Amino acid sequence: MTAALEIDAVAIRFGGVQAVAGVSFSVVRGEIAGLIGPNGAGKTTLLKIIAGVLAPDIGRVMISGMDVTGASTERRVRAGLAITHQIVRPFRSMTVLENVALAAGHRLTANPFGALLRHKRDAEEERAHGILASVGLAGTENKAAGALPLGQLKRLEVARALAVEPILILLDEPLAGLNHSEAAQQVDVIAGINAKGITTVLVEHNLAEVMRVCRRLLVLDQGQIIADGTPDDVMADAAVREAYIGKGREHAAA
């Protein structure tokens, strides 16, 4: 099957710290995979490399067969990548609908600011209505984005990512700060996204919800992939248990 994302021997060092150490894996089109690991494992650094925020010292990043290792984030988005962030930063004074319509018009301009200056956005607003309904935000269209509670803000972040029509979506801790009910609802939204054929990589600490929605887990520890398989197989792996339980002992002792 065609890979939506390929990571080939990616490594990066910050001073004396090897943050990511020769990571390789691929995610096939339509797959939903969880990228997990203890704090400090290198997950955020790896996401930044995939997104183009950081350049690896060595290795390659490919999206749908296209080598984007040296490409800008903008070019990666145009190649089919979307990413959501743990800290949600919408245009808070704009309405929910305007936030999503702005993202939907992104491909028609050289940059998001060009999309902001376009006066006629009827087609984008029509798409935005459908996207908002799909993530459970119908009825919030005319609210200021800054007035939404956290659970809805997290869904707005997903909606904005969907508006760029991604092939591949990276979700960076989309459940952070949510209560049990909100987290379950957010995971249902994520499952719905993947059911539409969008390849999904979920980075998250809520293991119960990750295991509920993901059929494959990749575990990162000390910058390396230490396990890759089904949730049951991965969580039974001795190296994975040591990565989590061992780190817990260290934090308790500190």
Side-chain angles (χ1 to χ4, degrees), residues 1-87 89 106-107 110-112 157 160-161 164-174 176 194 198-205 210 214 216-229 234 237 239-240 243-244 247:
M1 296 180 69
T2 304
L5 174 66
E6 295 174 80
I7 307 298
D8 181 18
V10 163
I12 190 170
R13 177 183 290 272
F14 300 117
V17 178
Q18 188 73 53
V20 177
V23 168
S24 296
F25 65 88
S26 63
V27 182
V28 301
R29 283 202 177 216
E31 187 174 16
I32 181 166
L35 178 62
I36 65 172
N39 289 329
K43 302 184 299 298
T44 297
T45 300
L46 183 58
L47 276 191
K48 288 181 177 180
I49 290 172
I50 296 170
V53 177
L54 293 174
D57 298 329
I58 59 171
R60 295 189 307 160
V61 176
M62 303 184 74
I63 297 174
S64 294
M66 179 188 300
D67 190 339
V68 297
T69 309
S72 66
T73 299
E74 172 65 22
R75 184 181 168 198
R76 295 175 199 226
V77 170
R78 292 183 182 274
L81 174 68
I83 184 167
T84 70
H85 301 282
Q86 178 183 355
I87 299 174
R89 296 187 180 95
H106 160 74
R107 290 182 182 274
N111 56 62
E157 180 79 351
R160 294 200 304 163
V164 303
E165 300 178 284
I167 294 167
L168 165 68
I169 186 168
L170 308 179
L171 302 164
D172 185 11
E173 298 195 34
N194 180 247
I198 299 174
T199 309
T200 307
V201 177
L202 173 61
V203 178
E204 180 53 55
H205 286 289
V210 172
C214 294
R216 176 190 177 196
L217 298 183
L218 298 112
V219 186
L220 195 66
D221 186 40
Q222 298 182 6
Q224 297 180 307
I225 297 291
I226 61 170
D228 179 356
V234 163
D237 188 289
V240 174
Y244 277 97
K247 296 292 188 302

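These numbers come from a predicted model, not from an experiment.
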With a 3.5 Å distance limit and no angle check, can you tell me whether [X] reaches the backbone of [Y] through a side-chain donor-acceptor pair?
X      : Y     : answer
Asn194 : Gly30 : yes
Lys43  : Gly37 : yes
Thr69  : Val61 : yes
Arg76  : Val68 : yes

Check the side chains of Thr84 and Arg160 for a donor-acceptor pair under 3.5 angstrom, ignoring hydrogens and angles. no
Can I get a per-line list of side-chain donor-acceptor pairs under 3.5 Å for residues 9-25, giving both atom names and the distance, sequence neighbours left out?
{"from": "Arg13", "atom 1": "NE", "to": "Gln18", "atom 2": "OE1", "distance (Å)": "3.3"}
{"from": "Arg13", "atom 1": "NH1", "to": "Gly16", "atom 2": "O", "distance (Å)": "3.3"}
{"from": "Arg13", "atom 1": "NH2", "to": "Gln18", "atom 2": "OE1", "distance (Å)": "2.8"}
{"from": "Gln18", "atom 1": "NE2", "to": "Ile12", "atom 2": "O", "distance (Å)": "3.2"}
{"from": "Gln18", "atom 1": "NE2", "to": "Val20", "atom 2": "O", "distance (Å)": "2.9"}
{"from": "Ser24", "atom 1": "OG", "to": "Ala9", "atom 2": "N", "distance (Å)": "2.6"}

Across all chains, not counting sequence neighbours, the side-chain hydrogen bond (donor to acceptor under 3.5 Å, both in side chains) partners of Glu6 are none
For Glu204, all residues meeting side-chain hydrogen bond (donor to acceptor under 3.5 Å, both in side chains), sequence neighbours excluded: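 Result, side-chain hydrogen bond (donor to acceptor under 3.5 Å, both in side chains) vs Glu204: none returned.
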Distance check, rounded to the nearest 0.5 Å: [X] atom [atom1] versus [Y] atom [atom2]?
X      : Y     : atom1 : atom2 : answer
Leu168 : Glu31 : CG    : CD    : 11.0 Å
Asp172 : Ile50 : CG    : CD1   : 10.5 Å
Asp228 : Leu35 : CG    : CG    : 10.0 Å
Arg60  : Ile7  : CZ    : CD1   : 10.5 Å

For side-chain contact (heavy atoms from CB on, under 4.5 Å), just list the numbers for His205 and Asn39, CA-CA rounded to whole Å, side-chain angles, deciding distance to a tenth of an Å, and then say yes or no. CA-CA 9 Å; His205 286 289; Asn39 289 329; 3.2 Å; yes
